[in-house]
Amino acid sequence: DLIEDLIEDGRRRGLFDDLAGQGQPLDLEQNVYEGSARLANKLMKDNDLRPPWLTRRVDVAGKIDTLRAEIGRTWGRYRAAFEAAQGDSHRAALTIGWDDVCRKWETAIVALNKEIESYNLKRPMSQLELFKLRLADELKRVDAPRYLR
């Protein structure tokens, strides 16, 4: 209340009448935290460019999303086929196929983890790092077992 009373008293006495920029719209595009990188950030924004580390992050995140979508779709197909399978030979074939697909994903995850490592080494320290993937976690995300039985 004391601060509000002081502000109101100053307003009545006209202390706020001749402030610089009065009546001008606020520049909400200005980032007070960018410091010496202001010109570089403005040039990049005006020319629709991204810093290389951000482009890399978007690329790696896209690959992660693609892999996760593939795992979800493939598990949906295998689950439906395994539930509808008639006979042990058909189930055995599905089990072998599922194991092959999981091995392919393990290889893809190793390659993707190398890309994640590379990104994490090049990113600015103020940016969040990407976490490496594990097949067990990705299968758990879609409630899929590692081995069909």
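As the structure is a prediction and not an experimental result, all values here were calculated from the model.
For the residue pair Arg146 and Leu139, the shortest heavy atom distance occurs at CA-CD1, 3.8 Å. Taking both residues in full, the closest heavy atoms of Phe82 and Thr95 are given as CE1-OG1, 3.8 Å, listed atom of the first, atom of the second, then distance. Looking at every heavy atom in both residues, Pro145 comes nearest to Leu148 through CG-CD2, 4.1 Å. Minimum heavy-atom separation, Cys102 to Leu135: O-CD2, 3.6 Å. Closest heavy-atom contact between Arg134 and Ile109: C-CD1, 4.1 Å. The heavy-atom pair separating Ala85 from Arg91 by the smallest distance is CB-CG, 3.7 Å.
Checked against Glu115 for a salt bridge (Lys or Arg N to Asp or Glu O under 4.0 Å), the options Lys122, Lys63, Lys132 give a single hit: Lys63.
Taking a 6.0 Å sphere around CD of Gln22, one finds it holds more than 12 heavy atoms contributed by other residues, nucleotides or ligands. More than 12 non-hydrogen atoms from other residues, nucleotides or ligands lie less than 6.0 angstrom from CG of Asp100. Summarising the local packing, CG of Leu43 is surrounded by more than 12 heavy atoms from other residues, nucleotides or ligands at distances under 6.0 Å. Other residues, nucleotides and ligands contribute over 12 non-hydrogen atoms within 6.0 Å of the CG atom of Asn47.
When the side chains of ILVMFWY residues are joined at heavy-atom separations under 4.5 Å, either directly or via intervening members, Tyr147 and Trp105 end up in two distinct hydrophobic clusters. Placement of Val60 and Leu54 within a single hydrophobic cluster is found when ILVMFWY residues are connected by side-chain heavy-atom separations under 4.5 Å, directly or transitively. By the criterion of side-chain heavy atoms lying less than 4.5 angstrom apart, applied directly or through intervening Ile, Leu, Val, Met, Phe, Trp or Tyr residues, Ile7 is grouped together with Leu19 in one hydrophobic cluster.
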Kindly indicate, with the supporting measurements, whether the criterion side-chain contact (heavy atoms from CB on, under 4.5 Å) is fulfilled by Ile71 and Val101.
-> CA-CA 9 Å; Ile71 290 171; Val101 170; over 6 Å; no
What's the verdict on side-chain contact (heavy atoms from CB on, under 4.5 Å) for Leu133 and Arg68, showing C-alpha distance, side-chain angles and the deciding distance?
-> CA-CA 10 Å; Leu133 303 178; Arg68 287 178 173 165; 3.6 Å; yes
Are Leu130 and Arg123 close enough, and set up right, to give a side-chain contact (heavy atoms from CB on, under 4.5 Å), and what steps lead you there?
-> CA-CA 10 Å; Leu130 293 174; Arg123 71 178 169 79; over 6 Å; no
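To the nearest 0.5 Å, the span separating CG on Asp143 from CZ on Arg79 amounts to 8.0 Å. Note that the CD atom of Glu138 and the NZ atom of Lys140 stand 12.0 Å from one another [nearest 0.5 Å]. To the nearest 0.5 Å, atom CE of residue Met125 and atom CG of residue Asn120 are 9.5 Å apart.
The shortest side-chain heavy-atom distance between Trp75 and Trp98 falls under the 4.5 Å cut-off. Counting heavy atoms from C-beta outward, Ile116 and Ile64 have side chains that approach closer than 4.5 Å. Lys104 has its side chain within reach of Glu70: a pair of non-hydrogen atoms, C-beta onward, lies under 4.5 Å apart.
No salt bridge links Lys114 with Glu117; every basic N to acidic carboxylate O contact stays at or beyond 4.0 Å. A salt bridge between Arg103 and Glu106 is absent, with no side-chain N of the basic residue lying under 4.0 Å from a carboxylate O of the acidic one.
With hydrogens and angles left out, the side-chain atoms of Arg56 and Tyr119 include no donor and acceptor closer than 3.5 Å.
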